[in-house]
Structures are given as C-alpha cells and as structure tokens.
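For reference, the structure is listed below as structure tokens.
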Amino acid sequence: MTDQYSIGQTGKPWQAAEKQQWFAQQTKKRDYFADIEPQINALRADYQVEQYGVLNYQTHYPLYALKSANWRPDLPVVLVTGGVHGYETSGILGALAFANKHAKTYEGKFNLLILPCISPWGYETINRWNPAAVDPNRSFYAGSPAQESHLAMEYIKPDMASVILHIDLHETTDTDNSEFRPALAARDGKVNHNWNIPDGFYLVGHTQKPEAAFQQAIINTVQTVTHIAEADEHNALIGVPIEQFGVINYDATSLGLCMGMTDARYVTTTEVYPDSPNTTPQNCIDGQVAAIEGAMNYLLAQS
C-alpha cells in the first residue's frame, strides 16, 4: 500500500472535477509528429499506409496502419499493435522496427497489419490513460469509452475473420508502481496495492485460448535477445501465478484488453522491462521484434 494520491479523497471515486484536475497536470514531453509520424511515412515504399482515424484532442492526432503492399484476400492476417499505452516506448518502436525489417520476409504467407501507435497523446505525455482518464487497454469492447480503442476495433472489423495471430506490444515499468497504479486506485476510490515489478521480458497469454506451445516458442526466441523474467517468491509475475517460464494468463476478453479484440486463435501481450539495469532501449526494441518473429515462425512451422 502507498500513500494517498495527490488527487481525490480516500475511498471516493473521481468525478468530473478530479479528472479535469488530473488532465490539467499533464504536459507534453515528446512529439508524436517529430518522432513517430516520420518513421511511419518512411515505410510508404514497402507498405500501404492508411489513416484509420483521428483523435480530436487539443491537438488532432492522425492514426495510422501499415498493411502489406501485396495484400491478398486468401492469406491469413497477422495483427501487430503497439502504443496502446502510449508511454510504453518499445512497443511503438518495436512495431516499426519489425515493419522495417520484415516488409518482404513473410510475403505470400501472411498479410501484415500493423497499428504502431494507438495512443499518440499517451506517447507525448508519457501516459497510460487518455485525456479522459480512461485506460485504452481496458476499453476494447462494444461501446468503448476510449476513442483509441473504438477506432482501432472499427478499422480491424473488415479483416476480423482472417486474423490468425494478434500480438500486442507492451512494457512493465517502475512508473507502474510510482504513478499509474496509485492513480488508478485513486480514480476508482480503492486502496492501492503495488505489485512486484519483474526484471525481464514476459508474456501474457489469454486464459480462454492459452496456446502454451505458442507462448513457449516466443519465449525461446526472445531469450536469445534479452533476459526473461523469473517468477517471484510466490511463483508469480505481477501478482499472477505463472503458467510456464515467462508466461502468465489474463482473461483478455472480460478485461477489455487489446489482445482480446479479435477471434484470432493465437494471441499474446508482450511485456518488456525497460528500467532493468540489464537492458538498453535498443535491447527492448529488439526483444519486441524477436517476439513477433517467434510468433510468426511458430505459425509457419505449424503449417
């Protein structure tokens, strides 16, 4: 348990005034238009770049998807999403690095559909929530309160039946305990209990379709690039019992997680730990790329 958060009163969920107070404290710390949009535009020679929406905040943020240049209706779709939590930098840069490295690798085998930065306001303000204090990664369901989630789901809908694999790229950071979990508890009028931050990479599978061999194949690939998180003294990661080395499961559908938004058989969320003394920003990006490679190569081996 930690001290009371700076906004709100103990045991009382935030109302509009508290949410506005929180929003007023947020400041721009980096630039989506300088950092991310040029990297997306640089891929136009190898991908169809489609704008699937715009977030109308104080700044208007265009949202982009990358589609295989030679898209074939008969091929299964691999969906990669990054930046659902905009502050989780390696998820965004990992999606773009994978796109840059593998424009042709899987051509004729899969259609690639990559949404590299679902929450650009979160990227700029280094935030988990959107301006309304809503977590997009708990909002992937019908009637979503988060435009980030709603627009992504609407865009994916025409290809939903063809999605065989969805990998959603995330990070677990020290700020989960110093800022984001205390803020969540305050917003919801609950007592905060921080979790143990795992040192290393791990995966979150879907309770309803765990696919243990698939998850293990990803871990096997990633550990050639970066270290895998060991379970804590309770044989858990972030308070959840492990299923196998480096893997826990969540019910993504009931929780409204991004990885639960399709009917894909193979789904997983990656979690990189960028604050580890044993890693670097580039190593985190490489871990995300390796995770996607491991997932796709597993599918190829099955076929």
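- A donor-acceptor pair is defined here as one N or O able to donate and one able to accept, closer than 3.5 Å; no such pair exists between the side chain of Glu271 and the backbone of Val204.
- In the model, His166 has no side-chain atom that pairs as donor or acceptor with a side-chain atom of Asp168 under 3.5 Å.
- For the atom pair Lys67 NZ and Asp159 CG, the distance stands at 5.0 Å (nearest 0.5 Å).
- Under the 4.5 Å side-chain criterion, counting only non-hydrogen atoms from C-beta, Tyr273 is in contact with Asp174.
- No side-chain donor from either of Ser119 and Glu148 sits under 3.5 Å from a side-chain acceptor of the other.
- Once rounded to the nearest 0.5 Å, the distance linking NE2 of His85 with SG of Cys258 reads 9.5 Å.
- With no hydrogens or angles considered, a side-chain donor-acceptor pair links Tyr106 and Asn297 at under 3.5 Å.
- Taking hydrophobic clusters as Ile, Leu, Val, Met, Phe, Trp and Tyr residues chained together by side-chain heavy-atom distances below 4.5 Å, Trp129 shares a cluster with Tyr61.
- Side-chain atoms of Asn196 never come within 3.5 Å of backbone atoms of Gly239 as a donor-acceptor pair (strictly under, hydrogens ignored).
- Taking OH of Tyr250 as the start and CD1 of Ile238 as the end, the distance is 3.5 Å to the nearest 0.5 Å.
- A salt bridge does not link Glu18 to Lys12: none of the charged nitrogens lies less than 4.0 Å from a carboxylate oxygen.
- Between the side chain of Gln48 and the backbone N or O of Leu66 there is no donor-acceptor pair closer than 3.5 Å.
- In terms of heavy atoms, Leu112 sits closest to His102 at CD1-O, 3.8 Å.
- Taking the six-membered ring where the residue is Trp, Tyr64 and Tyr32 present parallel rings, their angle staying beneath 30° rather than reaching 60°.
- Leu75 and Ile156 fall into different hydrophobic clusters, defined by Ile, Leu, Val, Met, Phe, Trp and Tyr side-chain heavy atoms under 4.5 Å apart, directly or through other members.
- Asn283 contributes a side-chain N or O that, together with a main-chain N or O of Val225, makes up a donor-acceptor pair within less than 3.5 Å.
- The closest side-chain donor-acceptor pair between Thr279 and His227, if any, does not fall under 3.5 angstrom.
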* Asked: Where do Leu93 and Gln39 land on the side-chain contact (heavy atoms from CB on, under 4.5 Å) test, with the steps shown first?
  -> CA-CA 9 Å; Leu93 299 183; Gln39 293 192 56; 3.7 Å; yes

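- Of all non-hydrogen atoms in Met259 and Gly205, the two that sit nearest each other are CE-O, 3.3 Å.
- Checking side-chain atoms of Glu107 against main-chain N and O of Ala103 turns up no donor-acceptor pair under 3.5 Å.
- Within the 3.5 Å criterion, the main-chain N or O of Tyr87 finds a donor-acceptor partner in the side chain of Thr89.
- In this structure, Arg30 is positioned above the aromatic face of Tyr123, its NZ or CZ under 6.0 Å from the six-membered ring centre and within 45° of the axis.
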Trace of the side-chain hydrogen bond (donor to acceptor under 3.5 Å, both in side chains) decision for Asn249 with Thr207
CA-CA 5 Å; Asn249 288 339; Thr207 305; 5.2 Å; no

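- Under a 3.5 Å cut-off, the side chain of Thr270 and the backbone N or O of His170 do form a donor-acceptor pair.
- Inter-residue side-chain proximity for Leu165 and Phe214 is flagged as met; some heavy-atom pair is nearer than 4.5 Å.
- When atom types are taken as modelled, the side chain of Thr226 and the backbone of Val222 share no donor-acceptor pair closer than 3.5 angstrom.
- Side chain of Asp176 to backbone of Phe180: no donor-acceptor contact under 3.5 angstrom is found.
- Side-chain atoms of Arg181 come within 3.5 Å of backbone atoms of His193 as a donor-acceptor pair (strictly under, hydrogens ignored).
- Under the 3.5 Å distance criterion, with hydrogens and angles disregarded, no donor-acceptor pair is assigned to the side chains of Ser139 and His150.
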- request: Before giving the answer on side-chain contact (heavy atoms from CB on, under 4.5 Å), spell out for Lys101 and Ile292 the whole-Å C-alpha distance, their side-chain angles and the decisive distance to 0.1 Å.
  value: CA-CA 11 Å; Lys101 181 179 179 181; Ile292 309 169; over 6 Å; no

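- The number of heavy-atom neighbours closer than 6.0 Å to NZ of Lys190, taken from other residues, nucleotides and ligands shown, is 12 or below.
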Walk me through whether Gln216 and Val247 qualify under side-chain contact (heavy atoms from CB on, under 4.5 Å).
CA-CA 8 Å; Gln216 183 178 14; Val247 182; over 6 Å; no

Practice problem: Before giving the answer on side-chain contact (heavy atoms from CB on, under 4.5 Å), spell out for Leu255 and Phe140 the whole-Å C-alpha distance, their side-chain angles and the decisive distance to 0.1 Å. | Solution: CA-CA 8 Å; Leu255 290 171; Phe140 283 85; over 6 Å; no

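- There is no side-chain donor-acceptor pair under 3.5 Å between Gln147 and Asn130.
- Aromatic ring orientation, Trp22 versus Trp14: tilted (interplanar angle from 30° to 60°).
- Counting heavy atoms from C-beta on, the side chains of Ile219 and Phe201 come closer than 4.5 Å.
- Around CD of Gln9, the count of heavy atoms belonging to other residues, nucleotides or ligands within 6.0 Å does not exceed 12.
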task: Determine, step by step, whether Tyr5 and Glu179 satisfy the side-chain hydrogen bond (donor to acceptor under 3.5 Å, both in side chains) criterion, reporting the C-alpha distance in whole Å, the side-chain angles of both residues, the deciding distance to 0.1 Å, and the verdict.
output: CA-CA 9 Å; Tyr5 193 67; Glu179 171 60 28; 2.5 Å; yes

